[in-house]
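This is a predicted model, so every value here is computed, not measured.
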Amino acid sequence: EAPGEPQVVEPILSAQRELLDAGADDAVWIRDIGGAELALAMGAARAQAARRKLSALEEEVRKKGDVDLREPADGLFWQCVHQVFKGVPKMSHGISPSCTPGDVIGPSTLQRRLGQGAFGVVYAAENSDTQETVAIKVLDKAKLRTLADIASVWREINLLSELDHRNIIRANGCFHGPRHIF
C-alpha cells in the first residue's frame with residue numbers, strides 16, 4: 001500500500017494522537033517530508049504545545065488568581081523568569097547554594113546575619129569592589145511558591161530601588177542564582 005492510503009494513514013494519525021495525549025510535544029507525521037522540514041514541523045509542534053500550556057496557565061491564573069509553581073528553584077521557570085517579569089535579570093550560575101557567612105555573592109562576601117523575615121535572611125557583607133559594608137537580603141526561592149509571591153518580591157525590589165528616604169536602605173541591584181534571589 002502507498003503511504004497516502006487510508007489503511008496506513010489512520011494508524012499513524014492514531015498513534016500521533018496517543019503520543020500527544022500522553023504529553024509528547026513533537027509527535028508529528030507529514031507525508032513526503034525531508035529531514036529539514038521534519039525538524040521545522042517538530043519545532044512548530046513544540047511551539048504549539050508551549051502555547052497550549054501557557055494558555056492553560058493563563059486560564060488557571062484567571063480562575064484562581066494565582067498559580068502554584070511546584071518547580072525546583074533552578075528549574076526552567078527560574079531560568080526564564082526574566083521573560084515573565086520585565087526587568088528581572090537572567091539567572092547567575094556558580095553561586096554557592098548555602099549562603100552562609102564567608103560565601104561570596106557577586107562582588108560581596110557575607111559576614112554576619114543581621115535579621116530574618118518570612119522569605120529570607122539579611123546579611124552584612126563587604127563589597128570587594130568598593131570596600132563598603134552592604135546589606136544583602138537572601139531570599140530562598142523554595143519559599144516563593146506562587147506567581148503572586150514572585151510578583152510581590154519583584155515589586156518590593158523595584159520600590160526599594162526607587163525610594164529615597166533617610167531611614168530606608170536603597171536597593172542597589174538584584175540578581176538571582178539557582179536557589180536564591182539577592
Side-chain angles (χ1 to χ4, degrees), residues 19-27 43-125 134-165 167-182:
L19 287 168
L20 291 171
D21 289 344
D25 291 341
D26 57 0
R46 281 192 289 276
Q48 286 175 335
R51 281 193 292 275
R52 284 191 305 272
K53 288 177 185 175
L54 181 58
S55 294
L57 180 65
E58 288 170 345
E59 182 62 25
E60 188 177 346
V61 169
R62 274 193 293 279
K63 286 180 181 176
K64 294 182 179 179
D66 203 4
V67 174
D68 189 341
L69 296 174
R70 296 188 194 274
E71 177 168 297
D74 60 350
L76 183 60
F77 173 79
W78 284 105
Q79 293 178 41
C80 300
V81 70
H82 61 280
Q83 296 176 356
V84 177
F85 293 98
K86 185 178 179 183
V88 173
K90 290 183 178 182
M91 184 188 298
S92 301
H93 297 279
I95 296 171
S96 172
S98 65
C99 292
T100 57
D103 287 346
V104 176
I105 306 296
S108 301
T109 303
L110 299 180
Q111 294 177 331
R112 70 183 187 289
R113 186 179 177 153
L114 297 175
Q116 183 169 347
F119 289 122
V121 179
V122 177
Y123 290 94
V134 297
I136 296 182
K137 188 172 190 177
V138 180
L139 304 175
D140 183 351
K141 287 181 178 179
K143 293 182 180 180
L144 303 175
R145 299 302 302 169
T146 66
L147 290 176
D149 291 342
I150 297 165
S152 176
V153 166
W154 187 239
R155 276 192 304 276
E156 177 185 349
I157 291 167
N158 284 322
L159 179 64
L160 288 174
S161 67
E162 295 172 7
L163 277 177
D164 187 16
H165 189 278
N167 294 326
I168 299 175
I169 296 174
R170 184 182 187 119
N172 291 323
C174 169
F175 60 98
H176 65 107
R179 298 218 172 108
H180 300 92
I181 298 173
F182 307 96

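- When all heavy atoms of T109 and G102 are compared, the closest pair comes out as CG2-O, 3.7 Å.
- Using modelled atom types, one side-chain atom of D103 and one backbone atom of T100 make a donor-acceptor pair closer than 3.5 Å.
- Of all non-hydrogen atoms in L114 and A135, the two that sit nearest each other are CD1-CB, 4.5 Å.
- Distance check, rounded to the nearest 0.5 Å: CZ of F85 to CG of N158 gives 11.0 Å.
- L144 contributes atom CG, which lies 13.0 Å from atom CH2 of W154 (distance to the nearest 0.5 angstrom).
- Shown here are the side chain to side chain contact (heavy atoms under 4.5 Å, CB included) partners of P107, two or more places apart in sequence or in another chain: N127, S128, D129.
- A 4.5 Å side-chain heavy-atom check between L163 and L159 finds at least one atom pair inside the cut-off.
- Between the CD1 atom in I105 and the SG atom in C99 there is a gap of 4.0 Å [rounded to 0.5 Å].
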>> Please evaluate residues I157 and I181 with respect to the criterion side chain to side chain contact (heavy atoms under 4.5 Å, CB included), reporting the C-alpha separation (whole Å), side-chain torsions for both, the decisive distance (0.1 Å), and the verdict.
In response: CA-CA 10 Å; I157 291 167; I181 298 173; 4.2 Å; yes
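- Under the side chain to side chain contact (heavy atoms under 4.5 Å, CB included) criterion, K143 pairs with F119, D140, sequence neighbours left out.
- Looking only at distances, no side-chain donor or acceptor of H93 sits under 3.5 Å from a matching main-chain atom of P178.
- How far CZ of R112 is from OH of Y123: 12.5 Å, rounded to the nearest 0.5 Å.
- Looking at every heavy atom in both residues, C174 comes nearest to P89 through O-CG, 3.3 Å.
- Residues H176 and L139 form no side-chain contact, since every pair of their non-hydrogen atoms from C-beta on lies 4.5 Å or further apart.
- Applying the side chain to side chain contact (heavy atoms under 4.5 Å, CB included) rule to S92 yields the partners I95, F175; only residues at least two apart in sequence or on another chain are considered.
- Rounded to the nearest 0.5 angstrom, E156 CD and L160 CG are separated by 5.0 Å.
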